2 protein chains.
Amino acid sequence: MDHELDRGRGNAPHGSRIDTYVDRYAARAAGMVASEVRALFAVATRPEVVSLAGGMPYVSALPLEQVGDLVAELVARRGTVALQYGSGQGDPELREQICAVMRLEGIEASADDVVVTVGSQQAIDLITRIFIDPGDVILVEGPSYVGALSTFAAYQARVVHVAMDDHGLIPEALAQTIYALQAAGSRIKFLYTVPTHQNPTGVTLDEGRRIQVLEICRRAGVLVVEDNPYGLLGFDREPMRALRADDPEGVVYVGSFSKTLAPGFRVGWALAPHAIREKLILAMESAVLSHSTFSQLAVAQYLATQPWQEQLKAFRELYRERRDAMLDALEVYMPPGCTWTRPGGGFFVWLTLPEGLHSKAMLPRAIAQRVAFVPGTGFYADGGGAQHVRLSFCYPEPDRIREGVRRLAAVIEQELRMRDTFGTGSTPGRTGVDTPSPDLA
Amino acid sequence: MDHELDRGRGNAPHGSRIDTYVDRYAARAAGMVASEVRALFAVATRPEVVSLAGGMPYVSALPLEQVGDLVAELVARRGTVALQYGSGQGDPELREQICAVMRLEGIEASADDVVVTVGSQQAIDLITRIFIDPGDVILVEGPSYVGALSTFAAYQARVVHVAMDDHGLIPEALAQTIYALQAAGSRIKFLYTVPTHQNPTGVTLDEGRRIQVLEICRRAGVLVVEDNPYGLLGFDREPMRALRADDPEGVVYVGSFSKTLAPGFRVGWALAPHAIREKLILAMESAVLSHSTFSQLAVAQYLATQPWQEQLKAFRELYRERRDAMLDALEVYMPPGCTWTRPGGGFFVWLTLPEGLHSKAMLPRAIAQRVAFVPGTGFYADGGGAQHVRLSFCYPEPDRIREGVRRLAAVIEQELRMRDTFGTGSTPGRTGVDTPSPDLA
């Protein structure tokens, strides 16, 4: 053995928690650190805590017996297909069904341009993998979906927030941001947007603005990535027309069955212009070979045999009741100085705290008072969001929502008293991922 | 609208196949091009073609009725868990069961250090994501698993092959390669190895060499990534002791249920030293949030309720019979000048063609003669492999295997006649991915 080779892996004792690989990681892994907030969320799963933190859909509303039966039949009758490898692009029948689902939002597409992914999260990951070199710019709403921000960080993108208001992304702000960035020589690769019942704000982009956003991006040569998990979960009107419906060559559409059926299948998709879709398939294969055929065919079988549009309607009614419970409770309990959005669909309300309060600093005290939320800081890549809180109404029953909001209001009042006594609260440093892991949500 | 913004996306007509995004892709996407070989494999799925190309396990041997029943029970009784988001790390019960499976190879591990992934392919992807900056070196056997090579290319790694022989990786070659690379200032991040019944050669690393390989890597500070999908599919002896069993801090072990149960669930895993496993979980969450709970619990339920070790034994007997059919047929039909490996397990035989023949150039002619294989070029990152062919015996029945080998021998004889008449055949350029997509395998 050549002693020249002896660079060792250090002498950390077996089982030690010292990371002997610390100088070997890729640059992109530098930000992969779990934040202290994660430990708090683990506590927040205790039954006495009302969690307004998570985005878990209420799957108890599904016809579980029927789903069990259709899956059994699938395995018994088509098991040699369902248990085998599938194509990187995804099951052809399912892709046809996905096109039918998207038609509800005005999208005309070929199944050949659809790639089935491991949840919409993977669609975001693969799109980023294809387009982003370190330092490339991705435009996102401010605030934006935390899962996308975490993916963008893993690819070392430079994330730039564009201002939004109660009508969604502000076209003038978008145009100005693009102009300033391009003038400075930045490479803007795409705009990532959740235009309908956005996560975390619940806000929907106006129809008039949709055309403007598409036009601004088309002119500037900026691809639009439209992430639309909540598009069919509107409470007060018919589904909006998707951005993709009006610009097939300029938009990659990202969809999911996690909120309209169940997240446990992890079936999402991307609909992309043909050339991009080719690269998506190859990226998909290098990432996971192919998605679970078993999961894909279970979803396909569900869509083929169950009244899925009726189920969607049931979900909409269920979530509308919960949204109403949350908005009513906010009205009743929240102290002056708090404001919040009034979502027309989806899972979330975005709460703005009075001046001087810090949502992340408040979280441990809230959990001690048996209510959990996600601090707004998780939804900004630039350190913003401290004055905001994401509240979800999808999972707890209405009475629990009211109780949770009541507890939260008490916590905020306590914070206000502290503020008035001691000045503004502490502002914790931002390290790592500020959101619960998926099952602790 | 500001005309300064008008950089346009070009004027390609709607639906055009011209890639208007060609100058927008990330550097890593440059290699994401489907090769011309892919189209051939699509033809190779016709029933008249004997495919010795694919690595599809023979899932028809599974008790499909029972699997259907246990899945139905799972959804009906635990549907609110099975259809919900799971943790990024994976289901705790399944991780315990995975530890029990790994114990068959001498591994003592805590479920806390296991991360469940979307097939072992994703484990390879996430490990690469954590460790590899562009230009970093990954050592691999020559030849090596094509799926891993494709992932390594996507992260712009520099792949360096280390010579192997019928006893696996050659320790002296490994030490010399590491020495030369480190002397030249290259950053070697890990050795990727399939030590047991390797894909594509079927070769197994000797026991004596295992200790040497671990020692060389330990001294040089090179992490070992042990990919072991076929470890429990040995035909002639008890399972080998895994590399991980002898170096818990220096090895990331990658496992899979795709070959021992069924690939349709896409359940694989990584067992990693504690610090790495922490980063793997965060990388997993940014890639897909979490794997399908439905798939994971189906596997867990199968392991808990079915005689899985008996099923493994049935698989081993089935594949042994097919290996024997292939080896016998090679002996009977192959012309002089051909040599091949004699695998003790797994799915593959590695055939070396006579001088002057080119496996990739031969493929279209073979498919015309109704037999398909994977050209050896797919298993090298450096343009090697032209004289080799991967033959799989896992999927076709023994009679079909014999017929396939007979046809292939006839093709080789024809090639030899052409070689003797015209000199060496053409040597096609290497572009894109040289293997079938998973379902066309």
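As a basis for the values below, the full set of heavy atoms in this structure was taken, side chains included, without hydrogen atoms, waters or symmetry mates. Everything numeric here is computed off the predicted structure, so don't read it as measured data. Throughout, protein chains are lettered first and strands after them, A, B, ... in sequence-line order, and every chain is numbered starting at 1.
Annotation for B:Ser295 and A:Ser292: closest pair OG-OG, 3.2 Å, computed over non-hydrogen atoms. Pairing each heavy atom of A:Tyr25 with each of B:Asp133, the nearest pair is O-OD2, 4.2 Å. Counting all heavy atoms, side chain and backbone alike, A:Arg266 lies closest to B:Val288 at NH2-O, 2.7 Å. Here the closest non-hydrogen pair linking B:Ile130 and A:Ala29 is O-CB, 3.6 Å. Closest approach of A:Leu83 to B:Pro263, counting heavy atoms only: O-CD, 3.1 Å.
Atom CD1 of A:Ile132 is separated from atom CZ of B:Arg28 by 8.5 Å, given to the nearest 0.5 angstrom. To the nearest 0.5 angstrom, A:Asp125 atom CG is 7.5 Å from B:Asp125 atom CG. One finds the CD atom of A:Gln121 at 4.0 Å from the CG atom of B:Leu289 (value rounded to the nearest 0.5 Å). To the nearest 0.5 Å, atoms CE (B:Met56) and OG1 (A:Thr80) are separated by 9.5 Å. In this structure, the separation between NE2 on A:His274 and OG1 on B:Thr20 is 12.5 Å, given to the nearest 0.5 Å. Atom CD1 in B:Ile124 sits 10.5 Å away from atom OG in A:Ser286 (nearest 0.5 Å).
Interface remark: B:Pro57 contributes backbone and side-chain atoms alike to the contact with chain A (heavy atom separation under 4.5 Å). Contacts of B:Arg187 with chain A are absent, with no heavy-atom separation under 4.5 Å from either backbone or side chain. Both the backbone and the side chain of B:Gln84 come within less than 4.5 Å of a heavy atom in chain A. With a 4.5 Å cut-off on non-hydrogen atoms, B:Ser110 does not touch chain A at all. Looking at A:Leu62, only its side chain comes within 4.5 Å of chain B, counting heavy atoms on both sides. Proximity to chain B (any heavy atom under 4.5 Å) is shown, for A:Arg77, by neither the backbone nor the side chain. Proximity to chain A (any heavy atom under 4.5 Å) is restricted, for B:Ala298, to the side chain, taken from C-beta onward. Heavy atoms of B:Lys189 lying under 4.5 Å from chain A belong exclusively to its side chain. For chain B, the nearby part of A:Ala154 is the side chain; its heavy atoms alone come within less than 4.5 Å. A:Tyr395 touches chain B through its side chain: at least one heavy atom from C-beta onward sits under 4.5 Å away, while N, CA, C and O do not.
In terms of the side-chain contact (heavy atoms from CB on, under 4.5 Å) criterion, residue partners of B:Ala109 (sequence neighbours excluded) are, by chain and number, B:Cys99, B:Met102, B:Ile107, B:Arg244, B:Leu271. With sequence neighbours left out, the side-chain contact (heavy atoms from CB on, under 4.5 Å) criterion links B:Ala272 to B:Val252, B:Ile276, B:Arg277, B:Leu280.
Of all the listed residues (A:Val71, A:Thr128, A:Thr117, A:Leu297), the one sharing the greatest number of non-hydrogen pairs under 4.5 Å with chain B is A:Val71. Chain B forms the most heavy-atom pairs under 4.5 Å with one residue out of A:Leu70, A:Val118, A:Asp69, and that residue is A:Val118. Looking only at heavy-atom pairs under 4.5 Å with chain A, the residue among B:Lys279, B:Glu65, B:Gln122 that has the most is B:Lys279. Considering only heavy-atom pairs separated by less than 4.5 Å from chain A, the leading option among B:Ser120, B:Gly147, B:Ala287, B:Ala148 is B:Ala287.
The aromatic rings of B:Tyr21 and A:Phe131 lie perpendicular to each other, with more than 60° between the two planes, well past the 30° mark.
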Report the C-alpha separation of A:Met32 and B:Arg129 in whole Å, then their side-chain angles, then the decisive distance to 0.1 Å, and conclude whether the side chain to side chain contact (heavy atoms under 4.5 Å, CB included) test is met. CA-CA 11 Å; A:Met32 292 182 188; B:Arg129 182 185 294 229; 4.2 Å; yes
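Exactly one of A:Phe294, A:Phe265, A:Tyr85 qualifies for a ring pair (Phe, Tyr, Trp, His ring centres under 6.0 Å) with B:Phe265. That residue is A:Phe294.
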